Each structure stands twice: as structure tokens, then as C-alpha cells.
Amino acid sequence: MAYLGQIAFIVIVGIASVILTKRIRRIRQNILLGKDTDRDDQPSARWRTMLLVAFGQQKMFKRIIPAFFHFLIYVGFIVINLEVLEFVIDGLLGTHRLFMPYLGDVYLVAMNIFETLAVLVVLACVVFLWRRNVQKVRRFHAQEMTKWPKLDGNLILVIEIILMFAILTMNATDQLLQTRPDSGYATTGTLFFSSLLMPLFAGLDTSTLIFVERFAWWFHIIGILAFAVYVTYSKHLHIFLAFPNTYYSRLVPKGQMDNMPAVTKEVQIMLGTQPENGESDTEEEVGRFGAKDVNDLMWTDLMGAYACSECGRCTSECPANQTGKKLSPRKIMMDTRDRLEDVGKQLDKGENGLEDGKSLLDDYISREELNACTTCNACVEACPININPLSIILQMRRYVAMEEAQSPASWNAMFSNIENNFAPWKFAPTDRFNWADELVTENRKAETEDRTND
Amino acid sequence: MNKEVRVPTMADLVAQGETPEILFWVGCAGSFDDRYKRVTKAFVKILNAVGTKFAVLGTEEACTGDPARRAGNEFLFQMQAAANIEVLNGYEIKKIVTACPHCFNTIKNEYPELGGNYEVIHHSTLLQQLINDGKITMKGGGSFKGRKITYHDSCYLGRANNIYEAPREVLEALDADLIEMKRCRTKGLCCGAGGAQMFKDAEPGNKEVNIDRTEEALATGAKTIAVACPFCMTMMSDGVKNKEKESEVAVKDLAELIAENNQL
């Protein structure tokens with residue numbers, strides 16, 4: 001019977017690990033549906049970007065208030081997880097506060113630091129709940145932020161608050177039990193914040209106290225495991241994917257659009273300038289020009305979709321969105337993720353998810369949204385973890401223009417002007433240099449006038 | 001000051017066995033748009049005045065393909081790029097200056113992968129260099145001294161290529177009172193014309209982007225809105241007209257402001 005707790009613990013951790021592994025594999029397979037792109041160059045620049053942007057939260061601090069509270073939760077998450085290490089070992093060995101005898105005063109200090117952070121996390125979560133639901137920050141109330149996305153945001157905050165209270169409850173009852181000689185709980189010393197909760201439980205008898213203490217312990221560890229599974233279905237996946245997402249950032253100037261080598265080849269064939277030693281015989285599969293569905297996008301775009309935390313900084317900086325157009329860069333990322341998840345679910349069922357009669361274009365993202373983008377890079381600049389919604393928009397525009405020839409009529413007119421007149425406007429190419437004659441004439445006239453005035 | 005202007009073409013120079021220091025890439029707007037032609041002319045006057053040995057392509061120049069690529073027509077873009085690169089490489093061009101941030105971005109960042117490698121600078125950077133080198137000297141107590149000017153960041157200079165300071169330094173050299181809009185530099189609001197939006201109507205919304213931006217510019221109280229891009233020029237000028245402020249507020253390119261200040 002003595003091992004019952006340990007066995008239960010191992011079973012629970014085991015179940016959680018199986019679910020989690022399955023889920024992580026699914027997400028990985030979904031991301032790898034995307035096309036390959038080489039992002040392994042310049043490792044030192046990549047590490048630097050990751051350290052600054054993800055680890056150092058550099059871009060978060062463009063907006064100081066949310067950055068500050070987000071930072072509290074971020075530090076809390078990392079540091080409090082050190083305590084979870086003890087939880088796991090205690091759970092496996094059936095011990096209680098295994099590290100305490102070895103660490104002595106350091107243990108007391110560490111516990112007090114954890115508790116302080118837990119209180120700060122609660123504070124930050126309350127502020128965020130208030131911002132989302134009372135203060136009505138505009139970016140949290142866009143058309144795409146209803147139903148699940150809205151609930152998801154609130155759920156995370158509430159779960160975090162509950163988990164933090166589980167820690168504090170556990171420590172409060174633990175400290176009460178330390179005063180009861182019959183409990184056998186070893187003395188930790190005063191844990192400041194949880195000791196404030198002690199009056200709540202002071203009236204309980206020892207066995208009830210032990211039950212509450214154990215319940216809080218189990219609640220916290222099971223809560224963390226459940227949260228870990230939940231995270232993979234939630235926008236909260238950014239806590240892990242922010243790191244690879246920033247590592248694999250685009251390092252070229254933002255204005256540079258990715259080249260399409262397949263098109264270069266076609267153009268070279270057309271112009272008869274194909275290199276003599278060209279690998280023309282290696283007929284690689286070209287696939288579609290541009291993107292109609294998720295598998296036409298690059299895997300980095302798909303990872304971005306899973307990494308997106310739906311904060312909406314991109315959308316709040318987007319000129320089209322600011323002036324009431326349908327385009328929202330955040331929605332582009334959310335739609336991509338939704339489509340990926342739908343495809344993944346069908347693949348899990350053994351169906352061919354990509355040929356279900358639906359596609360990212362039209363069924364998720366409308367042409368009106370795509371057409372409204374000014375390619376100004378405000379969304380790319382704004383993203384705290386270097387997601388690039390513009391990349392997806394551009395690839396989908398390419399599909400519409402080159403595979404379907406369905407670009408807006410005035411764009412088609414512009415295309416034919418460029419093709420025929422070598423300018424986007426309908427001017428004769430022979431008139432291109434007329435400005436120089438005008439300049440010389442105007443200048444002579446001005447000089448003559450000057451001389452007359454003199 | 002010698003006011004004679006010359007606009008040598010590459011073809012002429014090559015025929016005379018000469019090579020210019022720099023090629024001035026005029027761009028489609030600079031060649032055809034009546035308003036932007038004045039910027040081209042102002043810039044050419046400056047190049048003449050400081051004695052820079054430059055040339056233009058004249059009728060051999062063609063659209064870089066920027067709007068085609070951004071609208072998704074990669075094929076057309078690459079056709080344009082191939083033709084332009086052939087001309088540029090044929091003349092062994094090393095250095096290019098252009099007043100258009102879209103041409104600048106495309107030639108600088110996108111042509112190298114297609115075989116076109118040049119040193120490309122935007123005219124704001126060149127103007128700043130000329131000022132720093134003392135080749136352009138500002139007339140003391142010039143017409144802009146203390147006048148309120150606001151600068152509208154071009155996305156393709158700023159966010160796309162991190163050029164935020166050169167245009168501002170040019171304006172400061174005018175001794176003008178530079179006032180920033182709330183959305184400036186990395187947070188600058190697009191004029192609404194990039195990404196080939198220039199060539200179609202905007203999607204339905206509450207407001208046009210250029211109107212929003214113009215309102216912000218006018219709110220600074222500036223009498224001059226400085227721009228460094230032909231699309232921004234058109235959009236901001238239209239915005240000012242829409243607000244019926246064209247008699248009080250001028251939209252000017254950096255090159256025009258310098259040419260005006262130095263009575264070129």
C-alpha cells in the first residue's frame with residue numbers, strides 16, 4: 001500500500017507523456033507538410049536573434065506595460081518550474097520536500113522566491129484578465145477574437161491563477177502541519193506569502209490538513225501535466241515555439257521578397273539564356289506556383305502559425321486593418337493554424353486531409369483580405385517572436401496571379417502595361433526620357449528670365 | 001552658380017568612351033508622373049551643381065517589376081528583372097542611385113539573386129553624404145529655417161531597409177524644425193500605395209490609408225510634409241487636396257527641398 005501514491009504518480013505521468021508525445025508528433029508532422037526552405041545559415045546570427053528576441057523579450061518591450069506583466073509570468077514560469085523538479089522526484093520516490101535537508105537555508109530562500117513569483121504571476125494574470133475583459137484593449141476584440149480564441153486567452157490566465165493558489169495552499173497547510181507534532185512534517189521556516197493564508201486552514205484537524213496539503217500537491221502536479229497537454233491545443237504553444245521560431249527568423253532585409261527559382265528557370269528557357277551546364281535534366285517536381293493550401297507554404301510559415309500567441313500586435317499596426325479593411329495579419333496566422341489542425345485531424349483518421357475539397361485560400365482566407373495588403377512590413381516588425389504573415393500573403397497572391405490568373409482587373413491591367421510598355425502606367429516607352437528635354441528647356445527659360453531680371 | 005544642366009545617357013557616355021561614377025535610376029514615376037518628374041529634375045540639378053559624374057539609361061530603362069512581384073506575378077517580375085539586369089550588366093554598372101524606394105529595394109535586394117550585383121543607394125543617403133562632405137552647403141537663413149516640417153517614413157526605406165536617419169539628417173541640415181508624427185520610424189504608417197495598391201482601388205473599409213496618414217501629418221502643424229518616395233508623394237498630395245489644404249501645406253521630396261533652398 002505504501003507504494004500506491006508512487007504507482008499512481010507514475011501512471012499519471014505516463015499517460016500525460018503518451019498524450020503529449022502523440023500531440024507533439026502530430027504538430028511536427030503538420031509543420032513538415034510545408035515546403036522546405038533553407039534556414040540553417042549564419043548560426044551565430046540565429047542564436048543571437050533567439051537570445052535577444054525570445055529569451056530576452058526584446059520586441060515585447062516596445063509596449064512597456066504588457067511587456068512588464070508578461071515578463072513576470074515568463075520569469076515565474078521558468079523559475080517555478082525548478083520547484084516542479086522536486087515535485088517530480090518526490091512523486092517518484094514517495095518522499096516529501098526531498099531537497100530541504102540538503103539545501104537548508106537555501107531551500108527556505110528558494111521557496112520564498114518561488115512564492116513571491118507565484119504572487120507576481122497571480123497579479124499579472126489578474127491585470128491581463130482585466131485588460132482583456134474590462135479595459136477592452138482593442139486588439140483583443142477583433143472579429144477573429146471571439147469564441148475559442150477569446151476563451152483560450154481567459155482560460156490560460158484562470159488556470160495559471162489556480163495553479164499558483166495550489167502552491168500557496170500547499171505551503172500554507174504544510175506550515176500548519178509543521179506545528180502539529182502528530183503530523184511528522186519537517187520544519188521549513190516561515191514562507192511569507194503562504195503563511196498569510198494560514199488562518200484560512202487553522203481550524204482544520206490534522207488529518208483534514210494532510211488531505212488538503214496532499215490534494216494541493218496532486219492538484220498542482222496533475223494541473224501542470226494537464227496544462228502541458230492543453231498548451232499543445234492552445235495559442236500558448238508560443239512558450240515553446242517562440243524559441244525555434246526566432247532561431248529560424250528571416251535574416252534578409254524585410255523588403256526582399258523570396259525568389260522563386262522555378263520561375264527563374266522558366267524565364268531563362270523563354271529568353272534562351274539557360275546556363276549551358278544547367279541541371280535541366282534533373283526534373284524536380286515544381287508543384288504549384290504560389291500557395292493555395294498549407295502544404296504549398298514553407299514549413300517556417302506553418303511553424304509561425306503554431307507559434308502565434310494571437311496577441312494582435314501585428315493587426316493593430318496594420319494600415320489596412322487600422323482603416324477598417326478585412327485584412328488582419330493575426331487572422332492569416334490563425335486561419336493557417338486552423339487549416340493545419342483540420343488537415344492533421346483528417347490525416348489522423350487515415351484520410352487525405354489535403355484533398356478534402358477545402359483549401360486555405362477561399363475556405364479560410366478570402367481574396368479580399370489578401371488583396372488589401374500593402375506589403376509595408378508593419379506586421380512583421382510588430383511581431384514579438386518574428387512571425388511573418390506577409391510571407392503567407394505573398395505566396396497566396398502568387399497562386400492567384402500565376403496559377404489562376406484571377407488577380408483584380410486593375411492589377412491585370414497593370415501587368416499588361418508593364419509587359420507592353422515597361423511601366424505600370426500606359427505610357428509609350430519612347431516617352432520615358434522626355435523629362436530631360438523638358439528640364440533643359442525649362443532651365444534655359446529660367447536662365448533667360450534671370451538675365452532679363454538682372 | 002552655374003545653372004547649366006546636362007542629362008547624359010549611358011549610351012552617350014559609352015560612345016564617348018567615358019564611364020560615370022554613378023547611374024541615376026529614374027524609375028517609372030520619375031519618368032512619367034508629372035508631379036514626380038519635378039523631383040527627378042530637382043535631383044538632376046543637384047547632381048549637376050555638385051559636379052557628380054552621373055548618367056541615366058533614358059529609354060533603355062524599364063520598370064524594375066516591383067509592383068508585379070508584390071501583386072504575385074513573379075513571372076512578369078523576373079522577365080523585367082532579366083531585361084534590366086542585361087542592360088545594367090551590359091554597361092558594367094557598379095553603382096546606382098535612385099529616388100524611388102521601391103526601385104531601390106528591388107535592385108538592391110532582389111536583383112542579386114538573378115545576377116544583378118550593384119552598389120545601390122537611395123537618393124536620401126546620397127544627399128546626406130553630399131551634405132556631410134560639404135559638397136552641398138546650405139545657405140544660411142535659407143527659406144526653411146525654423147519652418148515646421150514633418151517627415152513621412154516610406155515603408156520600403158524604413159522597415160524594409162532600415163533607412164530612418166538619412167532623410168531626417170537631410171531635413172535637419174535645412175535648419176528646419178522637424179516634428180515627428182506619432183507613428184514614425186519602425187511604427188510609421190504606410191501611405192497606402194505599396195504592394196501594388198497604387199494600381200487598384202482600396203478594399204472597402206472606414207477610411208483610406210492616405211487620409212488617415214494625412215490627418216496625422218496635418219495635426220503636427222507642419223507646413224511641409226517631406227516624403228522620399230513617389231508613391232508616398234502621390235498619396236500624401238491626394239490626402240492634402242482631399243482636406244483642401246493644398247494652399248497652406250506642401251508635399252515635397254527631399255531633393256526638391258534642397259534644390260529650392262539652394263535656388264537651383
Side-chain angles (χ1 to χ4, degrees), chain A residues 252-257 259-260 263-264 266-267 271 273 289-290 317 319-320 322-327 368 371-378 380-381 394 397-402 407-408 410-411 414-415 418-419 422-425 427 429-433 435-436 438-440 442-443 446-447, chain B residues 3-5 7 9 26 28 30-33 37 40-41 44 56 58-59 61-63 65 67-76 78-80 82 105 109-110 113-114 155-156 159-162 186-187 189-190 192-209 212:
Chain A
V252 297
K254 287 194 191 71
Q256 181 181 335
M257 300 289 177
N259 195 37
M260 291 181 70
V263 172
T264 311
E266 298 250 333
V267 168
L271 298 176
T273 54
F289 285 134
E317 303 270 331
Q322 284 182 27
T323 52
K325 279 113 189 144
K326 268 193 186 149
L327 175 63
E368 185 177 335
N371 289 341
C373 173
T374 68
T375 71
C376 74
N377 270 299
V380 182
E381 177 77 41
L394 179 74
R397 278 187 179 178
R398 282 174 170 173
Y399 174 81
V400 175
M402 289 190 290
S407 300
S410 36
W411 274 0
M414 177 263 289
F415 295 154
I418 293 181
E419 212 173 326
F422 315 115
W425 296 283
F427 289 108
T430 44
D431 290 342
R432 187 176 270 273
F433 198 38
W435 63 267
E438 291 167 26
L439 174 61
V440 174
E442 285 165 20
N443 210 58
E447 269 189 72
Chain B
K3 280 191 176 177
E4 195 203 342
V5 287
V7 197
T9 61
V26 183
C28 300
S31 304
F32 293 117
D33 181 89
K37 276 198 271 186
T40 307
K41 292 170 189 169
V44 164
V56 295
T59 50
E61 192 186 282
C63 172
R69 179 170 246 195
R70 274 139 197 85
N73 196 335
E74 179 74 5
F75 194 82
L76 179 56
Q78 292 213 13
M79 292 291 286
Q80 289 301 115
N105 177 69
N109 297 323
E110 299 182 348
E113 276 180 290
L114 302 168
C155 306
Y156 273 79
R159 277 189 297 266
N161 288 292
N162 279 316
T186 57
K187 284 178 171 267
L189 184 77
C190 173
Q197 298 299 331
M198 186 72 173
F199 306 102
K200 70 165 181 54
D201 289 331
E203 276 57 38
N206 311 327
K207 205 189 233 182
E208 298 301 333
V209 177
D212 198 18

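What you see below is based on every heavy atom in this structure, not just the backbone, and it leaves out hydrogens, waters and symmetry mates. The structure displayed is predicted, hence computed values, not measured ones.
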Most contacts with chain B, counted as non-hydrogen pairs under 4.5 angstrom, among [options]:
options: A401(A), S410(A), C376(A); answer: C376(A)
options: C373(A), A320(A), S407(A); answer: C373(A)
options: N377(A), I418(A), V252(A); answer: I418(A)

Segment of [X] engaging chain B (4.5 angstrom heavy-atom cut-off):
X: T430(A); value: backbone
X: L271(A); value: side chain
X: P429(A); value: backbone

Where is the tightest heavy-atom contact between [X] and [Y], given as atom of each residue plus distance?
X: R398(A); Y: R69(B); answer: NH2-NE, 3.8 Å
X: C28(B); Y: R432(A); answer: SG-NH2, 3.2 Å
X: Y156(B); Y: G255(A); answer: CE2-O, 4.2 Å

To the nearest 0.5 Å, tell me how far F433(A) CZ sits from E61(B) CD.
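So the gap between those two atoms works out to 10.0 Å.
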Considering only heavy atoms and a distance below 4.5 Å, find which of M79(B), K207(B), K200(B) pairs most often with chain A.
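Answer, by heavy-atom pair count under 4.5 Å with chain A: K200(B).
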Go through V26(B), D212(B), N73(B) and name the one with the most non-hydrogen pairs under 4.5 angstrom from chain A.
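Most heavy-atom pairs under 4.5 Å with chain A: N73(B).
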Determine whether E203(B) and K325(A) satisfy the following criterion, salt bridge (charged side-chain N to carboxylate O under 4.0 Å, His left out), listing intermediate values before the conclusion.
CA-CA 6 Å; E203(B) 276 57 38; K325(A) 279 113 189 144; over 6 Å; no
Check: [Y] and [X] side chains under 4.5 Å, non-hydrogen atoms:
X: M198(B); Y: M414(A); result: no
X: E419(A); Y: Q80(B); result: no
X: L439(A); Y: K37(B); result: no

Do F199(B) and W425(A) have ring centres separated by under 6.0 Å?
yes
